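Note that the structure is a prediction, hence the values are computed from the model and not measured. So that the names make sense, note that chain A is the first sequence line, chain B the second, and so on, each numbered from 1.
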Protein chains: 2
Amino acid sequence: MGRRPSNKPTSFDIAYLAGVSQPTVSRALRGSKAVSLATRQKIEAIARQLNYTVDKNASSLRSQRSNTLALLFFEDPTPDESNINPFFLSMLGSITRHCAAKGLDLLISFQKLDDDWHKKYQESHRADGLILLGYGDYTLYEARLRQLVRSGTHFVRWGSVDRDTIGATIGSDNFGAGRLVGEHLLARGRRAIAFLGQADSHYPEFQQRHAGLVRAMQTAGLKQDPDLVVDAISSEEIGYAAAKTLLARGKPFDAVFAASDLIAIGALRALGEAGLVVPRDVALVGFDDLPAASHTSPPLTTVMQDMRHAGEALVETVLAQIEDRPTPPPVLPTRLVVRASSGG
Amino acid sequence: MGRRPSNKPTSFDIAYLAGVSQPTVSRALRGSKAVSLATRQKIEAIARQLNYTVDKNASSLRSQRSNTLALLFFEDPTPDESNINPFFLSMLGSITRHCAAKGLDLLISFQKLDDDWHKKYQESHRADGLILLGYGDYTLYEARLRQLVRSGTHFVRWGSVDRDTIGATIGSDNFGAGRLVGEHLLARGRRAIAFLGQADSHYPEFQQRHAGLVRAMQTAGLKQDPDLVVDAISSEEIGYAAAKTLLARGKPFDAVFAASDLIAIGALRALGEAGLVVPRDVALVGFDDLPAASHTSPPLTTVMQDMRHAGEALVETVLAQIEDRPTPPPVLPTRLVVRASSGG
DNA sequence: TACCATCCGGCAATCGTTTGCGTAAAGTAC
DNA sequence: GTACTTTACGCAAACGATTGCCGGATGGTA
């Protein structure tokens with residue numbers, strides 16, 4: 001009989017029933033080789049029968065290991081807080097699955113940029129490591145990243161890997177993808193390719209996509225007209241405005257590479273309103289392969305990022321840091337999804 | 001000077017510096033009234049200066065309260081595990097925000113129906129309460145819900161509230177929404193309204209939406225033809241197939257109410273392939289207001305659920321259970337979003 | 001028989017809080 | 001000045017695991 005009649009069973013209860021000491025129960029259940037097969041099986045049987053579960057808090061407190069990762073979304077301080085960037089939502093599924101496969105719990109939180117989350121997760125032993133996702137202006141949280149590195153926090157970030165990056169970073173091959181898009185459009189006979197997206201260092205991913213496009217054009221002996229590059233961050237409204245700006249400049253173009261699907265969707269509307277037919281007059285390519293991309297008319301050619309492996313790479317990388325192992329390669333391949341918007 | 005030179009500070013370190021006992025530090029920091037203003041402020045200042053954070057594991061272990069909620073997604077065992085039901089993803093934002101506002105951490109997990117998650121979260125003190133989301137066949141996890149109730153677990157479920165439900169449930173006013181859709185279509189002169197969606201008790205939400213439609217038709221003196229009702233669960237492919245089935249039956253109809261946007265999007269494709277023009281020949285209404293709904297052609301008339309309040313209600317309800325307070329009202333209003341697909 | 005390595009498992013300390021109980025000092029009430 | 005409540009805080013015992021250290025069996029070798 002346990003000491004407390006009806007409460008949750010503890011390892012003491014099991015120990016009593018098994019006729020061993022309580023530490024032996026702990027060792028048996030976590031598979032220590034210092035306990036014989038016979039007693040382990042006996043203990044396991046009793047544990048199963050009592051419906052015993054290890055108390056997470058006691059375990060984490062003593063072992064200083066929570067087996068938990070924290071997933072932090074950073075949002076640009078946009079007024080529209082109703083919906084989340086769908087791209088990262090699709091990453092979420094992948095991350096949770098790999099956490100589950102590794103026996104990790106996942107804490108999730110949406111952060112304003114000015115919260116002091118670093119403290120909250122880093123020092124309270126809530127999580128062993130952090131996964132940082134943010135689609136916004138890189139420079140805004142650069143300082144925080146430095147602080148994390150200084151304090152020895154285990155973390156990994158989704159972003160552009162090729163720049164002089166702070167901390168571990170996983171990301172798609174944005175440059176390669178940009179080149180892929182460029183080659184695709186060139187192969188379809190397009191020559192005057194516009195680019196909608198921030199082409200400066202605040203958004204290094206967009207910058208890389210653009211650089212890939214430029215490279216493809218260079219290889220074909222073309223130069224990109226700077227007038228055909230319009231800054232935009234990832235939002236439908238801003239994509240719409242950017243396309244308007246592009247049109248207003250009056251320079252002819254026969255293709256648009258939008259740095260994200262949201263931008264592309266906004267641009268699609270602006271082009272339509274200007275009487276241009278996609279893809280006949282203008283070919284259009286996006287980036288991300290949002291669910292919505294296949295439902296626009298015409299359906300959007302876009303770049304698919306490898307979500308499945310993205311989540312895996314992120315989890316593996318932070319785990320590798322925690323356990324002081326070498327980290328997996330940080331660059332993930334992409335795939336061009338050709339649909340009607342880039343011409344037939 | 002603390003006892004350990006460079007490690008994370010503990011409440012002992014603060015106590016030493018403040019010249020008080022360690023329990024007093026704990027009391028001061030959690031705002032107990034048993035500590036004077038002066039000493040509290042002194043302690044708070046030192047804590048801030050030392051960059052102290054309460055150790056979550058120690059705190060939870062002793063207080064038996066983790067201040068954490070677990071969000072569990074249930075998935076039908078579909079082979080396509082790449083993407084998550086977008087409707088619930090949009091709920092996620094709302095839930096995390098309200099958890100943050102209440103100072104709660106949020107654990108997230110995707111569950112296969114056959115996992116014994118109940119045990120994992122219920123007994124390991126990982127979380128104080130559970131939020132259950134699942135769009136699938138209700139009967140599949142009915143037994144689990146009973147078990148949760150028996151074991152006294154705090155949980156709340158998103159679903160159909162009006163049935164003889166097990167445990168606390170929050171949900172939209174599906175019946176009212178169905179009636180709204182019916183009235184809208186009738187007002188546009190449609191008379192033969194088809195329904196795509198499971199109309200049996202396995203999917204009580206769909207059933208309620210259908211019941212609302214039937215009520216609206218009854219009020220207008222109409223009866224719904226059973227041949228115009230086709231079973232479907234929420235997926236684009238199945239919506240496509242359901243619409244094909246409907247067409248194959250040969251009965252004329254001038255409107256389709258799809259029980260979800262995914263179904264509607266599939267149906268839209270099937271109708272188009274059959275040479276029917278939406279909305280001229282057939283009006284189409286969906287449910288959920290997915291992001292994609294505004295990008296179909298024609299854009300989809302649909303029902304918007306109140307995500308912001310949904311998250312709030314879920315969190316509040318499980319919190320109320322934990323703290324033994326009365327729970328907030330469980331039914332949330334909906335709003336019809338009229339777009340082109342239901343006719344001009 | 002003596003010696004040493006190996007295998008199992010117990011003892012007790014520890015992780016860093018929270019909380020019940022006790023009590024000196026200080027404040028009322030008469 | 002006695003008696004009785006507050007106020008403010010200390011003491012020590014939890015909470016339930018993990019882990020370093022140690023020692024009794026066991027068995028193999030010389």
Side-chain angles (χ1 to χ4, degrees), chain A residues 2-4 7-44 46-47 50-68 105 120 122-126 128, chain B residues 2-4 7-44 46-47 50-68 105 120 122-126 128:
Chain A
R3 308 166 318 177
R4 287 156 302 114
N7 279 356
K8 301 259 145 76
T10 74
S11 51
F12 282 96
D13 299 321
I14 298 184
Y16 180 88
L17 290 178
V20 298
S21 76
Q22 176 269 334
T24 298
V25 173
S26 174
R27 282 191 261 257
L29 293 179
R30 45 194 13 257
S32 158
K33 66 224 157 297
V35 47
S36 75
L37 183 64
T39 51
R40 157 175 315 142
Q41 285 177 341
K42 183 191 215 168
I43 287 171
E44 279 170 347
I46 297 177
L50 254 54
N51 214 352
Y52 168 80
T53 326
V54 174
D55 185 289
K56 189 70 182 322
N57 299 126
S59 170
S60 298
L61 172 61
R62 176 60 231 240
S63 67
Q64 301 287 51
R65 186 89 147 63
S66 64
N67 282 307
T68 301
D105 286 334
K120 172 167 178 185
Q122 151 190 347
E123 278 156 30
S124 68
H125 291 282
R126 249 169 257 263
D128 299 328
Chain B
R3 307 164 320 177
R4 287 157 303 112
N7 279 354
K8 301 260 147 72
T10 74
S11 49
F12 281 97
D13 299 321
I14 299 185
Y16 180 86
L17 290 178
V20 298
S21 75
Q22 176 270 334
T24 298
V25 173
S26 174
R27 281 191 263 256
L29 292 179
R30 43 193 17 258
S32 158
K33 65 221 158 299
V35 47
S36 73
L37 182 64
T39 52
R40 158 176 314 142
Q41 286 177 339
K42 183 188 212 169
I43 288 171
E44 279 170 347
I46 297 178
L50 254 56
N51 214 351
Y52 168 80
T53 326
V54 174
D55 186 289
K56 188 70 183 319
N57 298 125
S59 170
S60 298
L61 171 60
R62 175 59 229 237
S63 67
Q64 301 288 53
R65 187 90 146 63
S66 64
N67 281 307
T68 301
D105 286 335
K120 172 167 177 187
Q122 154 191 346
E123 279 156 29
S124 68
H125 291 282
R126 249 170 258 261
D128 299 328

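Evaluation of the side-chain hydrogen bond (donor to acceptor under 3.5 Å, both in side chains) rule for B:Ser32 yields no partner, not counting sequence neighbours. Not counting sequence neighbours, B:Ser63 has no partner by the side-chain hydrogen bond (donor to acceptor under 3.5 Å, both in side chains) test. Legend: residues meeting side-chain contact (heavy atoms from CB on, under 4.5 Å) with B:Ser60, ordered by chain and number and at least two apart, are A:Asn57, B:Lys56, B:Ser66. Scored by the salt bridge (Lys or Arg N to Asp or Glu O under 4.0 Å) test, B:Arg126 finds A:Asp105 as partners (sequence neighbours excluded). Taking A:Arg62 as the reference, nothing meets the side-chain hydrogen bond (donor to acceptor under 3.5 Å, both in side chains) condition, with sequence neighbours excluded. For B:Ser59, the side-chain hydrogen bond (donor to acceptor under 3.5 Å, both in side chains) test picks out no residue, with sequence neighbours left out. For B:Arg65, the salt bridge (Lys or Arg N to Asp or Glu O under 4.0 Å) partners are B:Asp128, B:Glu323, not counting sequence neighbours.
In this structure, A:Leu17 and A:Leu50 have side chains that are in contact, with non-hydrogen atoms separated by less than 4.5 Å.
In this structure, A:Val25 reaches neither bases nor backbone, as no heavy-atom distance under 4.0 Å exists between it and the strands shown.
The interatomic distance linking B:Leu61 (CG) with D:dA13 (P) rounds to 17 Å, in whole Å. Atom-to-atom, CG of A:Asn57 to C1' of D:dT18 comes out at 14 Å; the value is rounded to the nearest Å. With rounding to whole Å, A:Tyr16 atom OH is found 18 Å from D:dA17 atom P. Taking atom NZ of residue B:Lys33 and atom P of nucleotide C:dT19, one finds them 11 Å apart after rounding to whole Å. Per the geometry, CG belonging to B:Leu29 stands 16 Å off P belonging to C:dG16, to the nearest Å. What separates CZ of B:Arg65 from P of D:dA14 is a distance of 23 Å, to the nearest Å. Straight-line distance from the CG atom of B:Asp13 to the C1' atom of C:dG16: 11 Å, rounded to whole Å. Counting to the nearest Å, the C1' atom of C:dG16 and the CZ atom of A:Arg126 are 14 Å from each other.
A sub-4.0 Å separation between OP1 or OP2 of C:dT17 and a side-chain N or O of B:Tyr52 is present. At C:dT17, one or more side-chain N or O atoms of B:Ser11 fall inside 4.0 Å of OP1 or OP2 (strictly under the cut-off). For B:Gln64 and C:dT17, the shortest distance from a side-chain N or O to OP1 or OP2 is not below 4.0 Å. For B:Ser21 and D:dG10, the shortest distance from a side-chain N or O to OP1 or OP2 is below 4.0 Å.
Distance from the side chain of B:Thr10 is smallest for C:dT17 among the nucleotides C:dG10, C:dT17, C:dC15. Comparing atom distances between the B:Ala34 side chain and each of C:dT17, D:dC9, D:dG16 picks out D:dC9 as nearest.
Checking A:Asp55 against B:Val35, the closest nucleotide of DNA chain D that is more toward the 5' end is the one next to B:Val35.
Of all the residues in residues 36-44 of chain A, A:Ser36, A:Thr39 reach under 4.0 Å from DNA chain C with at least one non-hydrogen atom.
Taking each heavy atom of B:Leu61 and A:Ala58 in turn, the nearest pair found is CD1-CB, 3.8 Å. Shortest non-hydrogen contact noted between B:Leu29 and B:Ala47 is CD2-CB, 4.2 Å.
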Next on the checklist: Between A:Thr10 and A:Asp55, does the side chain to side chain contact (heavy atoms under 4.5 Å, CB included) criterion hold? Intermediate values first, please.
Outcome noted: CA-CA 8 Å; A:Thr10 74; A:Asp55 185 289; over 6 Å; no

Under 3.5 Å, N/O pairs linking protein and nucleotides 19-22 of chain D:
unit_1, atom_1, unit_2, atom_2, d
D:dT19, O4', A:Arg62, NH2, 3.4
D:dG20, O6, A:Arg27, NH1, 3.4

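Residue pairs meeting the salt bridge (charged side-chain N to carboxylate O under 4.0 Å, His left out) criterion with at least one member in residues 24-43 of chain B: none, sequence neighbours excluded.
Rounded to 10 degrees, the angle between the two end axes of the helix from C:dT1-D:dA30 to C:dC30-D:dG1 is 40°, with five pairs used at each end.
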